[in-house]
Amino acid sequence: MSLSREEVLHIAQLARIGLTDADVQKFQEQLSHILDQFAALRRIDTTGVPPTTFALPLENVWREDIVQPSLPVEDVLANAPAREGDFIRVRRVLE
Amino acid sequence: MSQPATAYEVVIGLEVHAQVATASKMFCPCPATYAGAAPNTHVCPICLGMPGVLPVMNRDAVEKTLLFALALGCTIPHDSKFDRKNYPYPDLMKGYQISQYDMPFSVNGHLDVDLPDGTVKRVGVTRVHLEEDTAMLRHESGAGGERYSVVDVNRAGSPLMEIVSEPDMRSPEEARRYLEMLREILRYTGVSRANMEEGNFRCDANISLRRFGAPQYGTKVEIKNMNSFRSVQMALEYEVRRQSEMLDRGEQITQETRGWLEAERRTVSQRSKEQAHDYRYFPEPDLPPVRPAAAWIEQLRVTVPELPQTKRHRFVEQYGLSAYDANLLSTPRARAEFFEQTIAIAGAARAKQVSNWLLGDIARLQNAHGQEFEHITIAPAQVAELIDLVERRVLNSTTAKAVLERIYTSGGSPTAAASDLGLVSAPAAGLDALLATVIAANPRAVTDFRGGKANAVQALVGAVMRETRGTADAAQVRELLLEKLARD
Ligand SMILES: [Zn+2]
């Protein structure tokens, strides 16, 4: 299964990743290869097998509604690309 | 504002987001309250989306969502899960929002909307699901004109319930009523504070028009940024006009998102250039499925409170209240319960008096003190006693009000308060002596009365009231005077 150049560019756009022409070609091949793996899985007869959405034999894992201390604001902002006061500052996305 | 008659049928569906009233966030133990908190102080590695963290569901948020879904008559599937809704935007710390896609907590509910003309409109509820709220963005302009945004992550990860209606509403007014009743139920069940101004109750609308009788829906437009019930109705009314005019001119409606501009009273196109939403949903691998046990659901089902609508009808039927009073008494829930607790003491025969006190003087005091009914500083037993004192004519309507004010601010029993305030009516024996004195001191009025001027007795009543500084019951005084004058 082969992904078109347009499909790769669309996925890059969704992920907000800029790609060079060489990147596009590389990812076209790599992503197509991943899809081939799934195509192989698809050939397995799964008649009568209920679909699963989770890989582990777990269900209903909760915590009680109890508040615990949050991080100090300096730690929260430690990885921020820029800050303004105690806010994270980012480029404006919408006009 | 009423709609001009048009050739088009209006089709409206609403998507409501309500913050679930929990102490902690949906998937981490940070406080879920964000209003008034200093920016980025309710944040931890989980809601910040740091690598390697593991979200764990808040059981209370799930339970409240299930309870609310049951109140709307929804079906609870035995298997549900969370999904990742992927989109890169600065209000999403992880680049995705944990939401529910194809296996939500509940489906197929409904809300019976009471319309002003007395009819009831059933609006289908497609689903009620749970997701996490996003961070808050504020758009800024720098000194040099550069435009940027600042992010406060406090809100990110708060539990948010999404309630999606079927496109069953046929006018902006129906949409508004649906929202009002939905809010009532959210508050009644204690699931959400549901306050639009505080931002914990938000509404987006889908609206399309079609010729009456047309089998297909028209192209739908999504409207956002409506900050009050009034703006929802106004924005929808604006869209009805805009779309009918376009259709009248033979133009095509564009499928798009439009924002409501409150100040300009109109909607404008947003993001029309953006391609169709492509969220690439997939099951959240960090969260195991939710399979609510049947016993849990049944246990929740019996805790769904009697809803305001049902209560209103029952109040009319059971206590003979007017529809208007029953409507007022039914919300907030604390007032409806106060009403019935008072009746449990005072007896159903006094329902009208209880209603009058609650909707009249007590409501007035409550407003004057800026109190929500939930925190009212008076108890049903006090109101029942007050009504009893009035009925036994120990207090009259004026002195009873003074007693209410006293117990409202200082507590205590109405009897004690009346005595403290020196408002207790003169005892019958003392009153009898006083009547004799007054009659003796007003021979003119007595002569007039005996001469056939029935009104002359009022002068005597007035004199008695002055002597008792208004504490006597005027009607009783009048009765006693008439008796005495007839006998003597
Ligand atoms: Zn957190």
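By convention in this document, chain letters (A, B, ...) are assigned in the order of the sequence lines, proteins followed by strands, and residues within each chain are numbered from 1.
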Contacting region of [X] [heavy-atom separation from chain A under 4.5 Å]:
X        : result
B/Met136 : neither
B/Glu146 : side chain
B/Phe27  : backbone

Say you draw a straight line from [atom1] of [X] to [atom2] of [Y]; how long is it, rounded to the nearest 0.5 Å?
X       : Y        : atom1 : atom2 : answer
B/Thr22 : A/Glu64  : OG1   : CD    : 12.5 Å
A/Phe54 : B/Leu287 : CZ    : CG    : 7.5 Å
A/Leu14 : B/Asn86  : CG    : CG    : 9.0 Å

Open item on the list: Using modelled atom types and a 3.5 Å cut-off, is there a donor and acceptor pairing between side-chain atoms of A/Asp65 and backbone atoms of B/Ala23?
Closed with: yes

- [ ] For the residue pair B/Thr41 and A/Ser70, establish whether any side-chain heavy-atom pair is separated by less than 4.5 Å.
- [x] no

Task: Flag side-chain contact, heavy atom, 4.5 Å: B/Asp60 against A/Trp62 - done: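 No, too far: nothing below the 4.5 Å cut-off.
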
More than 12 heavy atoms of other residues, nucleotides or ligands under 6.0 Å from [atom1] of [X]: is that the case?
X        : atom1 : value
B/Tyr101 : OH    : no
A/Gln25  : CD    : no
B/Arg193 : CZ    : no

Just give me the residue among [options] that pairs up with chain A most often, heavy atom to heavy atom, under 4.5 Å.
options                               : result
B/Ala293, B/Pro285, B/Cys47, B/Ala38  : B/Pro285
B/Ala135, B/Pro289, B/Pro292, B/Cys44 : B/Pro289
B/Asn40, B/Ile46, B/Asp152            : B/Asn40
B/Arg138, B/Met50, B/Met103           : B/Arg138

Open item on the list: Is A/Leu58 in contact with chain B via its backbone, its side chain, both, or neither, using a 4.5 Å heavy-atom distance?
Closed with: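 Contact with chain B: backbone and side chain both.
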
Task: Segment of A/Phe87 engaging chain B (4.5 angstrom heavy-atom cut-off) - done: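 Interface part for A/Phe87: both.
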
Open item on the list: On a heavy-atom basis, which atom in B/Arg280 and which in A/His10 lie closest, and how many Å separate them?
Closed with: NH2-CD2, 3.5 Å

Open item on the list: Tell me the closest heavy-atom pair linking B/Pro283 and A/Thr53, and the distance in Å.
Closed with: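 The answer is CB-O, 3.7 Å.
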
- [ ] Flag the one option from A/Asn60, A/Asp86, A/Leu77, A/Asp75 with the top tally of heavy-atom pairs under 4.5 Å to chain B.
- [x]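 Of A/Asn60, A/Asp86, A/Leu77, A/Asp75, A/Asn60 has the most heavy-atom pairs under 4.5 Å with chain B.
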
Open item on the list: Among A/Glu59, A/Arg63, A/Gln68, A/Arg91, which residue has the highest count of heavy-atom pairs closer than 4.5 Å to chain B?
Closed with: A/Arg63

